[in-house]
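Below: the structure, in structure tokens.
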Amino acid sequence: MNLYNIKHPEEQVNFAQAVRQGLGKDQGLFFPENIPHLSNIDELLALPLVKRSQKILGALIGEEIPQAQLEQMVRNAFTFPAPIAKVEDNIYALELFHGPTLAFKDFGGRFMAQALATVRGDGKITILTATSGDTGAAVAHAFYGLENIDVVILYPKGKISPLQEKLFCTLGGNIRTIAINADFDACQALVKQAFDDAELRQAIGLNSANSINISRLLAQVCYYFEAAAQLPKEQRENLVVSVPSGNFGNLTAGLIAKTLGLPIKRFIAATNANDTVPRYLHSGNWSPNATVATLSNAMDVSRPNNWPRVEELFKRNGWALTELHSAAISDAQTEDTLRAMNQLGYLCEPHGAVAYEVLKQDLQPGETGLFLCTAHPAKFKESVERILDLTLPLPEALDKHNKLPLLSDEMENDFAQLRAYLLK
Ligand SMILES: *Cc1c(COP(=O)(O)O)cnc(C)c1O
């Protein structure tokens with residue numbers, strides 16, 4: 001697989017290099033030089049998830065990874081289902097939250113971990129990251145148990161919810177977690193300092209397992225096929241997909257699926273009040289505002305870092321950006337929508353509700369709508385319980401960890417101390 005840096009197309013790498021490096025020169029994003037058009041879509045849709053995903057990823061990645069090895073990677077990564085649920089006659093939810101950390105980032109995170117373990121080369125690897133809660137959990141679970149990869153996660157002591165803390169600070173093994181006596185920004189600054197320390201970086205093979213890593217996107221392509229495979233055949237035509245968007249990685253993956261030949265009529269980019277993209281698509285002006293906090297906080301992004309990949313795909317495919325529909329939903333609308341969905345018998349959380357609401361506004365007669373549910377309602381327990389006036393039971397995945405003892409170390413906001421800890 002050949003990829004180029006969108007900012008500097010002369011910088012070209014293979015899959016292994018793109019996975020190891022994450023980003024190109026000047027923070028440029030890597031993008032596949034060639035996305036094949038698959039002619040056997042119906043055959044693919046008839047296969048089970050793991051086998052089908054291996055074929056899709058094999059077509060994208062090519063010879064660089066032997067098929068048997070790729071199959072094992074997919075098998076290790078996709079250990080949970082992505083079912084669809086019928087919400088209305090012509091509207092389905094794609095539930096991407098049945099993984100170990102109850103959010104769709106498990107798909108990309110787990111495949112990235114497998115990819116990195118496969119292309120790592122010799123030498124030690126240490127994944128170092130700071131978290132304000134959710135990303136840490138996804139990274140910890142994705143890399144848990146992988147040989148010769150150490151993971152160190154910093155988080156602000158006392159500033160994440162006890163349940164969030166339990167989810168990733170109870171694993172042990174190759175996962176070490178440090179509660180820093182400071183805020184999240186200080187944790188991020190410590191991580192940055194570590195990456196700026198060339199000697200340290202070399203000594204422990206520092207890697208960021210960055211959210212922009214191409215392997216994440218490739219993995220996410222697979223669940224769009226999984227959704228289509230589960231739809232009744234007559235509803236696979238005229239399919240419109242609504243994606244709750246923050247950094248626009250999820251949408252990029254959907255557009256790659258369409259480029260591969262998956263028949264999706266149109267995509268909808270749904271956002272919360274952080275509406276840089278819908279405003280851009282309507283006015284042609286790219287003018288990010290300050291980021292505001294919303295109920296769907298995983299989408300509180302005003303400078304979406306995958307947007308250049310979206311534009312690149314539209315340009316290369318000769319698609320008009322006007323074909324991408326987009327709208328923003330306020331918190332008040334999100335609350336109303338959650339209640340309306342609950343009336344229909346579907347329990348959702350704020351991110352999925354944003355996608356559903358924009359889909360409702362956009363869907364035309366004769367079309368089938370699919371919206372992506374990116375998190376389990378229990379992940380947003382406080383807001384869902386308040387808005388719907390109900391009590392949510394703790395899902396098994398959370399309950400299991402909730403009963404285990406915390407294994408975190410504690411540390412002051414002191415780089416010298418962190419450095420010694422990492423070198424030990
Ligand atoms: C990360 C995240 C999103 C946004 O996905 P992008 O790929 O960044 O657009 C949406 N919902 C949830 C629950 C998330 O964690």
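Counting convention: from 1, in listed order, for ligands and their atoms alike. Throughout, residue positions are numbered sequentially from 1 according to the sequence presented.
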Has Ser245 got any heavy atom lying under 4.0 angstrom from an atom of ligand 1?
-> yes
Sub-4.0 Å heavy-atom approach of Phe97 to ligand 1 | no
Look at the rings of Tyr346 and Phe371 and say which category their plane angle falls in: under 30° parallel, 30 to 60° tilted, over 60° perpendicular.
-> perpendicular
Numbering as shown, the atoms of ligand 1 that approach Gly249 to under 4.0 Å (heavy-atom distance) | 6 (P), 7 (O), 9 (O)
Taking only heavy atoms of Asn250 into account, list the atoms of ligand 1 that are under 4.0 Å away from them.
-> 7 (O)
Once you round to the nearest 0.5 Å, how far does CG of Asp389 lie from CD1 of Ile387?
-> 11.5 Å
Can you list the ligand 1 atoms lying under 4.0 Å from a non-hydrogen atom of Lys105?
-> 1 (C), 2 (C), 3 (C), 14 (C), 15 (O)
Drop me the distance from Asn274's CG to Arg303's CZ, to the nearest 0.5 angstrom.
-> 11.5 Å
If you have a sec, work out which protein heavy atom is nearest atom 3 (C) of ligand 1 and how many Å separate them, to one decimal?
-> Phe104 CE2, 3.6 Å
For atom 4 (C) of ligand 1, the closest protein heavy atom turns out to be Gly246 N, 3.6 Å
Atom 13 (C) of ligand 1: the protein heavy-atom neighbour that sits closest, reported with distance to 0.1 Å = Thr374 OG1, 3.3 Å
Step by step, would you call Gln333 with Glu357 a side chain to side chain donor-acceptor pair (under 3.5 Å)?
-> CA-CA 8 Å; Gln333 284 172 297; Glu357 180 57 28; 4.9 Å; no
Taking 4.0 angstrom as the limit, do Arg75 and Glu71 come out as a salt bridge?
-> yes
Report yes if Phe248 has an N/O atom closer than 3.5 Å to an N/O atom of ligand 1; otherwise report no.
-> yes
Going by the order shown, which atoms of ligand 1 are within less than 4.0 Å of some heavy atom of Ala375?
-> 13 (C)
For ligand 1, find out whether one of its N or O atoms is nearer than 3.5 Å to an N or O atom of Asn247.
-> yes
Under the ring-ring contact (aromatic ring centres under 6.0 Å, His included) test, residues paired with His401 that sit two or more places apart | His141
Begin with the C-alpha distance, continue with both residues' side-chain angles, and end with the deciding distance and a verdict on side chain to side chain donor-acceptor pair (under 3.5 Å) for Tyr356 and Glu88.
-> CA-CA 11 Å; Tyr356 171 81; Glu88 295 181 55; 2.3 Å; yes
Write out all pairs satisfying salt bridge (Lys or Arg N to Asp or Glu O under 4.0 Å) with one or both partners inside residues 169-191, taking only residues at least two apart or from two chains.
-> none
